[in-house]
Amino acid sequence: MAPTSTSKISLPCGSRRRRLVLKPTQQGALHALFQQNPYPGIATRERLARELDIPESRIQVWFQNQRTRQLRQSRLGSAKSQGQGPTHGQEQPPSWTQEHFTKDGRRKRTSISPSQTSILLQAFEKNRFPSIATREHLASLTGLPESRIQVWFQNRRARHPGQSRSGPVKDMEAHPKPSPYVTVPVEPGLLARVPGVSSFDTHFFVPHPKGNTSSNMSALA
DNA sequence: CCACTAACCTATTCACCCG
DNA sequence: CGGGTGAATAGGTTAGTGG
């Protein structure tokens, strides 16, 4: 069935954006700037984006990941000589805080109109975890950048959990943690709201055929 | 096969406006 | 002041790249 589709495209998972492969020159530039300032403001990120020809959102993600990598390694390195932190006064004078605090720390707040909110809201009710294709479609529908849409969904999920109908009590999904993304069984009819999305987005994420052992540590009080 | 890491996620906090 | 919400942080998970 469905011989036409997925003949050999290998179905790139569709949910995630295609992984970017950074060229050595790009990596070098990013690492260099990271040393100077691990918390670049929006202006710096956008300048880098132009100079390296990488989307600003990818630059932001790279810095996020890089900070985690460095902190992790930092911690690992210090752990070995944990007996007596030699330079344990790691209160490094934050020179970069200056840049961070001065002015363009943050991107200017994006204003989202009621009509745009309405579109996003409808999509949210259908699928709280939109694929990259859906996000881009919503971007074209609303005229908002895709990265802002991704953030909008993150914020929305965080502040509107479960969202059961006027039911104060929780639903069955008391733990969104262990069960990654079991997207609710969407009604096909309801889905036909956003064109282009409904077609293949009906089967979005497959939860995780993997070992669900993943992470059940937090529970088990 | 497996290390590395981009992409994605949650949880929490900051920032800013507005009634 | 507190509620609403966009943007940032730390840090963990998923999955593609490439040795």
Side-chain angles (χ1 to χ4, degrees), chain A residues 9-24 26-27 30-31 34 37-46 49 52 54-76 94 96-97 99-114 116-118 120-121 124 127-136 139 142 144-163 173-183 204-219:
Chain A
I9 302 292
S10 83
L11 173 51
C13 197
S15 69
R16 292 185 169 210
R17 122 193 298 122
R18 219 170 67 211
R19 187 184 171 114
L20 193 66
V21 179
L22 296 168
K23 297 192 287 202
Q26 295 171 324
Q27 268 208 0
L30 289 170
H31 278 286
F34 184 85
N37 177 15
Y39 296 90
I42 179 63
T44 304
R45 294 198 306 267
E46 277 179 345
L52 303 181
I54 298 172
E56 183 274 332
S57 64
R58 300 306 88 205
I59 301 230
Q60 184 163 28
V61 167
W62 187 89
F63 273 86
Q64 288 170 187
N65 283 327
Q66 185 63 21
R67 281 194 299 267
T68 296
R69 280 193 288 270
Q70 182 163 291
L71 286 179
R72 172 173 282 279
Q73 221 206 83
S74 214
R75 210 150 178 110
L76 236 69
W96 28 270
T97 37
E99 282 194 52
H100 199 214
F101 279 1
T102 34
K103 48 188 252 173
D104 91 310
R106 296 180 168 224
R107 146 185 275 117
K108 244 177 52 182
R109 189 186 176 94
T110 301
S111 55
I112 301 179
S113 72
Q116 288 169 327
T117 299
S118 166
L120 295 175
L121 228 38
F124 183 80
N127 183 5
R128 300 161 59 90
F129 298 87
S131 66
I132 178 61
T134 302
R135 276 183 267 130
E136 272 172 356
T142 59
L144 296 167
E146 182 272 333
S147 64
R148 301 305 88 208
I149 290 182
Q150 186 161 24
V151 167
W152 186 92
F153 272 84
Q154 286 172 189
N155 282 325
R156 191 80 199 174
R157 283 194 300 266
R159 320 232 239 230
H160 298 262
Q163 205 270 354
E173 274 74 16
H175 40 242
K177 217 85 90 351
S179 58
Y181 328 99
V182 183
T183 7
F204 346 90
F205 266 74
V206 181
H208 59 281
K210 288 267 276 301
N212 52 355
T213 332
S214 39
S215 54
N216 307 338
M217 59 278 210
S218 54

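Labels below follow one simple rule: chain letters A, B, ... track the order of the sequence lines, proteins then strands, and each chain is numbered from 1. From a predicted model like this one, the values you see are computed outputs, not experimental measurements. The figures here come from the full heavy-atom set of this structure, side chains too, leaving out hydrogens, waters and symmetry mates.
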(message) Counting distance alone, no hydrogens or angles: does the base of B/dT5 have a donor or acceptor under 3.5 Å from a partner atom on the side chain of A/Arg19?
(response) yes

(request) Ignoring hydrogens and angles, answer whether the base of C/dT9 and the side-chain atoms of A/Arg67 contain a donor-acceptor pair closer than 3.5 Å. (result) no

(request) Determine: side-chain N/O of A/Tyr39 to OP1/OP2 of C/dA7, distance under 4.0 Å, yes or no. (result) no

(request) Tell me what A/Gln64 touches on the nucleic acid: a base, only sugar-phosphate, or nothing, going by heavy atoms under 4.0 Å. (result) base

(request) Could you tell me whether the side chain of A/Arg106 has a donor or acceptor atom within less than 3.5 Å of a complementary atom in the base of B/dC14? (result) yes

(message) From CD of A/Gln154 over to P of B/dT13, roughly how many Å is that when rounded to an integer?
(response) 17 Å

(request) Check the distance between C/dT9's P and A/Asn37's CG and give it to me in whole angstrom. (result) 10 Å

(request) Decide yes or no, distance alone: a donor-acceptor N/O pair under 3.5 angstrom between the base of C/dG11 and the side-chain of A/Thr68. (result) yes

(request) Would you kindly say whether A/Gln66 and A/Arg69 are connected by a side-chain donor-acceptor distance under 3.5 Å? (result) yes

(message) Whether A/Trp152 contacts C/dT5 is assessed here as follows: a side-chain N or O lying under 4.0 Å from the phosphate OP1 or OP2. Is that the case?
(response) no

(message) Tell me whether the side-chain N or O atoms of A/Arg159 pair up with the base of C/dG3 as donor and acceptor below 3.5 Å, since no angle test is needed here.
(response) no

(request) Assign A/Arg17 to base, sugar-phosphate, or nothing according to its heavy-atom contacts below 4.0 angstrom with the strands shown. (result) sugar-phosphate

(request) Identify whether any heavy atom of A/Arg156 sits under 4.0 Å from a base atom; if not, whether one sits that close to sugar-phosphate; answer base, sugar-phosphate or nothing. (result) nothing

(message) With no hydrogens and no angle check, just 3.5 Å: does a side-chain donor-acceptor pair link A/Ser113 and A/Gln116?
(response) yes

(request) Round to a whole Å and report the spacing from CG of A/Leu22 to P of B/dA7. (result) 7 Å

(message) Quick check on C/dG12: is either OP1 or OP2 less than 4.0 Å from any side-chain nitrogen or oxygen of A/Arg72?
(response) yes

